Number of protein chains: 2
Amino acid sequence: MKRRSTPAQQAILNMLKAADSALSQDMIEQQLKGETDRVTIYRVLNRFCEDGLAHRITSDEGKFYFALCKNCQQQHHTHDHFHFRCLSCQKVECLEEKVKVSLPLGYSAANVNCWVSGYCANCSA
Amino acid sequence: MKRRSTPAQQAILNMLKAADSALSQDMIEQQLKGETDRVTIYRVLNRFCEDGLAHRITSDEGKFYFALCKNCQQQHHTHDHFHFRCLSCQKVECLEEKVKVSLPLGYSAANVNCWVSGYCANCSA
DNA sequence: TTTATTATTGCAACATTGTTGCAATAAGAG
DNA sequence: CTCTTATTGCAACAATGTTGCAATAATAAA
Ligand SMILES: [Zn+2]
Ligand SMILES: [Zn+2]
Ligand SMILES: [Zn+2]
Ligand SMILES: [Zn+2]
């Protein structure tokens, strides 16, 4: 299935690049001022994930955020970094810090979803 | 506000003790076979959290799980441990392992919500 | 340029999860 | 036993995410 370049897809990709942070569907819908349907936004974001352009994380609020992949290889994706959500400015960031966890004997890990919420440098000041 | 002991409250508390793992509202509703209303289950669970008996965590599926507090002081609660969700048997556990993360300069942490999903010892075998 | 193919979109409908308001019920004190 | 009010059940709602389907439009082919 070959991808097509569309206004919605471009706008959302640009937003993700410009934001340099993770965005949720509702954040994108707001910035797009309702020009694009909710469903389309979800579909575009999911497509980015399928294509290895972005990754999806479930926040501690229980909703999805999407962020462009930075340090992933084209083939090999690893999203085992911490995510930070600022309780004041709402910004969500992928942190450099990798998650290190040793599981009990016999356990195996398939995926990791780690969040820290608090106040970012701007909002702490 | 003084608490009262009710069948629903007791049943749910016993389930949490017996399970020795974290449960979600729908798991509890199933085991209770619809004898108790959804809303009541949520309210009982939230009450446990208010009373410092349990803690609530948001899973990587985006829904809430509730687990009895084990290593919390009566006054001082710390829920900075990892949680594990088995993709096969659905069991959710509080792990002993504490979350260790160093934030960028100027950032401050208020809360932590860390999940590993994969296969538990039983299901890996 | 024009036409044909089909990826993408918008809309309605639905599923799941969690909360709130309010009247009815029942736990526990006196 | 009676009274107070914490707790429950039910209806209604909000938020988030998905699916089906017909209409639209990006791209390739003619
Ligand atoms: Zn990636
Ligand atoms: Zn990330
Ligand atoms: Zn606790
Ligand atoms: Zn826990």
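Owing to the predicted nature of the structure, the values given are computational and were not obtained by experimental measurement. Chain A is the first sequence line, chain B the second, and so forth, proteins listed ahead of strands; every chain is numbered from 1.
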task: Identify whether the distance between the nearest side-chain nitrogen and carboxylate oxygen of B/Glu93 and B/Arg85 falls below 4.0 Å.
output: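 Salt bridge absent between B/Glu93 and B/Arg85.
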
task: Return the set of residues passing side-chain hydrogen bond (donor to acceptor under 3.5 Å, both in side chains) with A/Asp51 (not counting sequence neighbours), or none when no residue passes.
output: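 Scan of A/Asp51 (side-chain hydrogen bond (donor to acceptor under 3.5 Å, both in side chains), adjacent residues dropped) gives A/Arg3.
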
Grab the [atom1]-[atom2] distance between [X] and [N] for me, whole Å please.
X       : N      : atom1 : atom2 : result
A/Gln9  : C/dG10 : CD    : C1'   : 18 Å
A/Leu23 : D/dG17 : CG    : P     : 13 Å
A/Glu29 : C/dC11 : CD    : C1'   : 13 Å
B/Asp37 : C/dG21 : CG    : P     : 17 Å
B/Asp60 : D/dG17 : CG    : C1'   : 16 Å
B/Glu35 : D/dC10 : CD    : P     : 13 Å
B/Met1  : D/dT8  : CE    : C1'   : 14 Å
B/Ile41 : D/dC10 : CD1   : P     : 12 Å

query: 5'-most contact on DNA chain C: B/Arg43 or A/Ala8, nearest heavy atom basis?
result: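 Whichever sits nearer the 5' end wins; that is A/Ala8.
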
message: Let me check the geometry of the helix from C/dT1-D/dA30 to C/dG30-D/dC1. What is the bend angle between the axes at its two ends, five pairs each, to 10°?
response: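 Between the first-five-pair axis and the last-five-pair axis there is 30°.
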
Between N or O atoms, less than 3.5 Å apart, protein on one side and nucleotides 13-17 of chain C on the other: list the pairs.
residue	atom	partner	partner atom	Å
C/dT17	OP1	B/Lys63	NZ	3.3

Run the salt bridge (charged side-chain N to carboxylate O under 4.0 Å, His left out) test against [X] and tell me which residues pass, sequence neighbours left out.
X        : answer
A/Lys70  : A/Asp20
B/Lys100 : none
B/Glu35  : none
A/Arg47  : none

field: Base versus backbone protein contacts along nucleotides 24-30 of chain D [heavy-atom cut-off under 4.0 Å; B, S, -]
entry: -BBS---

query: Do the ring planes of B/His55 and B/His79 sit parallel (below 30°), tilted (30 to 60°) or perpendicular (above 60°)?
result: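 B/His55 vs B/His79 ring planes: parallel.
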
What pairs with [X] under side-chain contact (heavy atoms from CB on, under 4.5 Å), at least two apart in sequence or on another chain?
X        : value
A/Ala109 : A/Leu103, B/Val116
B/Asp37  : B/Val39, B/Thr40
B/Asp26  : B/Ser24, B/Lys63

- request: Have a look at B/Glu61 and say if it touches a base, only the backbone sugar-phosphate, or nothing, with a 4.0 Å heavy-atom cut-off.
  value: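 If one applies the 4.0 Å heavy-atom cut-off, B/Glu61 turns out to touch nothing in the nucleic acid.
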
- prompt: When we call it a touch if two heavy atoms are under 4.0 Å apart, what does A/Ser24 touch: a base, just sugar-phosphate, or nothing?
  reply: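 Touches nothing.
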
task: Would you please confirm or rule out a distance under 4.0 Å between OP1 or OP2 of C/dT19 and any side-chain N or O of B/Asn46?
output: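 So the side chain of B/Asn46 is within the cut-off, an N or O lying under 4.0 Å from OP1 or OP2 of C/dT19.
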
query: Other than A/Phe66, which residues form its hydrophobic cluster under the rule that side-chain heavy atoms must be closer than 4.5 Å?
result: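 A/Phe66 shares its hydrophobic cluster with A/Ile12, A/Leu13, A/Met15, A/Leu16, A/Leu23, A/Met27, A/Ile28, A/Leu32, A/Ile41, A/Val44, A/Leu45, A/Phe48, A/Leu53, A/Ile57, A/Phe64, A/Tyr65, A/Leu68, A/Val92, A/Trp115.
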
